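Notes for the one structure printed next.
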Amino acid sequence: TSTISLSLINYTIMNILYIGSGFVGACSSAVLAASGHNVLVYDIDENKVNMLGSEDRDTIESCLFEKGLGDLLVRNKERISFTNDYKKVEASLDTLDAVFMCLPTPEVGETGESNLSYYITAAETLAQALKKRNNGTQEKHIVIVNKSTVPIEMVDRTAEIMDNAGVKNYGVVSNPEFLVEGKAVEGSLKPNRVVVGAWEQKDFDIMKKVYQRFYDAPTVDYIEVNPKEAAAGKLLANYYLFNKLAVCFDVIGRTCEAFDHIQFEHLRRIITTDDRIGNWGFYDSLYAGGSCFIKDARSLSHQLQTKGKPATLVNETYLANKRQLELFLGRAKSEADMDFSGKKIALLGLAFKRDTNDTRNSPSLDITRTLLENGVKKIKAYDPAATDMFKKDFPASEKIEYVNHEFEAIKDVDIVIIATDWPQFRGLGDVMIGELTHKPLIMDGRRMLQHRYLDLTKAGFKIIAVGSPYLK
């Protein structure tokens with residue numbers, strides 16, 4: 001630990017270890033390196049370590065497609081390194097100030113329970129190494145920071161693991177991330193809040209040094225609470241956002257689908273001009289995917305019910321999201337009398353949303369399963385960033401063809417399904433009207449073509465869109 005002066009403000013350079021280099025670990029560690037700290041990132045995935053540590057922007061972004069991440073890692077290469085060699089982790093422990101735990105905590109089936117095996121294995125391995133630091137004296141205080149979304153009482157479990165191993169002079173901190181995929185680096189460099197949960201003042205003091213640039217920033221709300229409040233705040237924030245999406249899909253969007261002469265965009269303007277309501281989440285969609293909302297809502301439900309409390313509204317939010325995708329796909333038969341059997345389908349968008357290559361809980365995963373189960377002849381799939389990730393679940397085959405452009409995907413198909421809100425898809429209306437001699441059924445799961453619905457129907461296309469009645 002040393003001190004530097006930046007813009008007449010003294011900043012302490014901290015030595016920081018990250019366990020896990022996924023979305024959270026990679027973005028957060030890059031920002032702390034950019035803050036002037038010395039950062040070591042450990043991951044068991046050698047390929048990921050080599051790609052993130054390649055010092056080449058294109059290689060980095062082919063591993064994790066996140067705007068600005070490649071540039072940030074390359075610019076700060078002197079202060080951040082990646083390794084899959086645990087001996088380097090052990091060698092760093094004598095001078096470490098903080099260890100950020102960024103491990104996956106996936107749901108066990110559809111139980112809501114978090115699979116903590118990755119976390120516990122990493123914590124137990126870390127504990128055995130920590131008790132040997134400083135030649136066994138453990139004289140330097142260190143904080144173990146839960147960065148990934150974990151159960152509310154995880155702080156107790158972490159402390160139990162450390163205590164059982166004989167680790168001393170440590171603190172456990174909860175420091176949840178509130179990043180938006182596709183804008184994670186921007187959000188990390190200019191956060192609206194930093195939440196730190198700790199029991200002891202000395203742990204708060206270390207975290208202030210880690211986040212000094214944000215602690216001193218007048219535009220950042222730096223919030224200090226206890227670890228359980230921090231963990232609960234993360235789960236509840238994600239649930240609240242998820243619920244807003246579900247209300248938009250299942251109530252507002254459904255109303256627009258039920259009545260003629262009601263345009264979703266007009267209702268959105270009426271509703272969101274009320275400052276009490278706000279405008280986040282008012283975009284009708286076929287599904288809310290990604291790694292957080294679904295998992296965190298299910299985890300919250302599980303934890304509440306484990307404590308003997310009802311979780312009816314939490315559960316209904318989850319079910320409303322599932323129902324939205326099922327109803328959307330079902331409209332092909334119920335409204336357009338179109339079976340998927342024997343049909344050629346263009347599937348546009350494989351990531352769960354724009355500006356990312358993340359396919360976790362992408363609607364296209366369930367769409368592909370449904371189409372295959374219903375005997376489609378061919379799926380022509382396209383995504384500008386997520387194809388390689390999607391292929392891990394659905395390799396190219398006789399029935400699944402991956403193409404290089406959206407225009408190529410929509411040629412000679414019976415149905416076009418728009419599943420991701422990539423901005424370039426907005427231009428498809430012109431191509432469909434001007435170049436397609438056949439008229440595939442358009443299933444717009446993101447209202448990407450809503451500005452051309454009238455023109456498309458006049459040209460003879462039939463449209464099933466979230467937030468609209470059947471258009472023909």
Side-chain angles (χ1 to χ4, degrees), residues 14-22 24-25 28 40-45 83-108 111-177 196-207 210 225-232 234-235 295 299 302-303 306-307:
M14 308 295 276
N15 297 317
I16 297 169
L17 169 67
Y18 274 77
I19 305 291
S21 65
V24 174
S28 175
L40 175 65
V41 184
Y42 171 80
D43 199 292
I44 60 173
D45 187 334
T83 186
N84 65 326
D85 183 356
Y86 207 80
K87 290 181 180 178
K88 291 184 179 180
V89 170
E90 294 170 340
S92 74
L93 295 180
D94 286 351
T95 58
L96 272 188
D97 297 292
V99 182
F100 281 77
M101 306 292 283
C102 301
L103 287 307
T105 54
E107 183 181 3
V108 179
T111 64
E113 182 179 0
S114 297
N115 179 355
L116 299 173
S117 60
Y118 302 104
Y119 181 98
I120 291 170
T121 298
E124 289 175 344
T125 303
L126 177 66
Q128 292 302 317
L130 283 175
K131 71 179 182 181
K132 300 174 185 175
R133 73 191 192 281
N134 310 125
N135 293 319
T137 66
Q138 305 188 60
E139 61 187 12
K140 181 172 173 55
H141 189 75
I142 191 169
V143 293
I144 299 150
V145 185
N146 285 335
K147 190 69 174 169
S148 297
T149 305
V150 293
I152 293 169
E153 295 182 322
M154 193 66 203
V155 58
D156 298 335
R157 187 79 177 273
T158 306
E160 181 184 350
I161 291 170
M162 297 298 143
D163 290 343
N164 288 344
V167 180
K168 303 184 185 306
N169 204 9
Y170 76 93
V172 181
V173 170
S174 179
N175 173 221
E177 57 83 15
V196 176
W199 297 118
E200 304 290 339
Q201 186 58 46
K202 57 186 174 182
D203 298 331
F204 282 123
D205 292 342
I206 289 176
M207 295 303 291
V210 170
V225 292
N226 72 47
K228 295 184 180 181
E229 290 167 336
K234 166 64 176 180
L235 285 173
K295 177 176 74 72
S299 175
H302 175 77
Q303 291 180 66
T306 298
K307 292 291 185 178

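Every value quoted in this text rests on a predicted model; they were computed, and no experiment measured them. Both backbone and side-chain heavy atoms feed into the values below; hydrogens, waters and symmetry mates do not. For this chain, numbers begin at 1 and follow the sequence in order.
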* Asked: Please walk me through it: do Lys132 and Leu93 pass side chain to side chain contact (heavy atoms under 4.5 Å, CB included)?
  -> CA-CA 9 Å; Lys132 300 174 185 175; Leu93 295 180; over 6 Å; no

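The heavy-atom pair separating Glu90 from Ala129 by the smallest distance is CG-CB, 4.1 Å. Across all their heavy atoms, Pro176 and Lys234 have their closest contact at CB-CB, 3.6 Å. When every heavy atom of Asn175 is checked against every heavy atom of Val196, the shortest pair comes out as ND2-CG2, 4.2 Å.
Between Ile152 atom CD1 and Lys228 atom NZ the span is 9.5 Å, to the nearest 0.5 Å. Between the CG atom of Asn134 and the CG atom of Asn169 there is a distance of 8.5 Å, given to the nearest 0.5 Å. The distance from the OG1 atom of Thr105 to the OH atom of Tyr119 is 10.5 Å, given to the nearest 0.5 Å. Rounding to the nearest 0.5 Å gives a distance of 4.5 Å between OG1 of Thr95 and CG of Asn15.
In this structure, the side chains of Met154 and Met101 stay at 4.5 Å or more apart for every pair of heavy atoms. Annotation: side chain of Asp203 is in contact with side chain of His141 (closest heavy-atom distance under 4.5 Å). Using a 4.5 Å heavy-atom threshold, the side chains of Asp163 and Tyr170 count as touching. For the pair Leu130 and Ile144, the minimum side-chain heavy-atom distance is below 4.5 Å. Residues Asp97 and Val143 form no side-chain contact, since every pair of their non-hydrogen atoms from C-beta on lies 4.5 Å or further apart. Put simply, the side chain of Glu177 does not reach to within 4.5 Å of the side chain of Ser28, judged on heavy atoms. Within the 4.5 Å cutoff, side-chain heavy atoms of Val24 are placed close to those of Cys102. Side chains of Asn84 and Asp43 form no contact here, defined as non-hydrogen atoms less than 4.5 Å apart.
Evaluation of the salt bridge (Lys or Arg N to Asp or Glu O under 4.0 Å) rule for Lys295 yields no partner, not counting sequence neighbours. Evaluation of the side chain to side chain contact (heavy atoms under 4.5 Å, CB included) rule for Asn115 yields Pro106, Val108, Ser117, Tyr118 as partners, not counting sequence neighbours. Every residue two or more places apart in sequence or in another chain that forms a side chain to side chain contact (heavy atoms under 4.5 Å, CB included) with Thr125 is listed here: Tyr86, Thr121.
Of the possible donor and acceptor atoms, none in the side chain of Ser148 sits under 3.5 Å from a partner among the backbone N and O of Pro104. With hydrogens and angles ignored, the 3.5 Å screen pairs a side-chain donor or acceptor of Thr83 with a backbone N or O of Asp85. Without hydrogens or angle criteria, Asn226 side chain to Glu229 main chain gives a donor-acceptor distance under 3.5 Å.
No donor-acceptor contact under 3.5 angstrom links the side chains of Thr111 and Glu107, judged on distance only.
For the pair Glu139 and Arg133, the salt-bridge criterion is not met [side-chain N within less than 4.0 Å of a carboxylate O].
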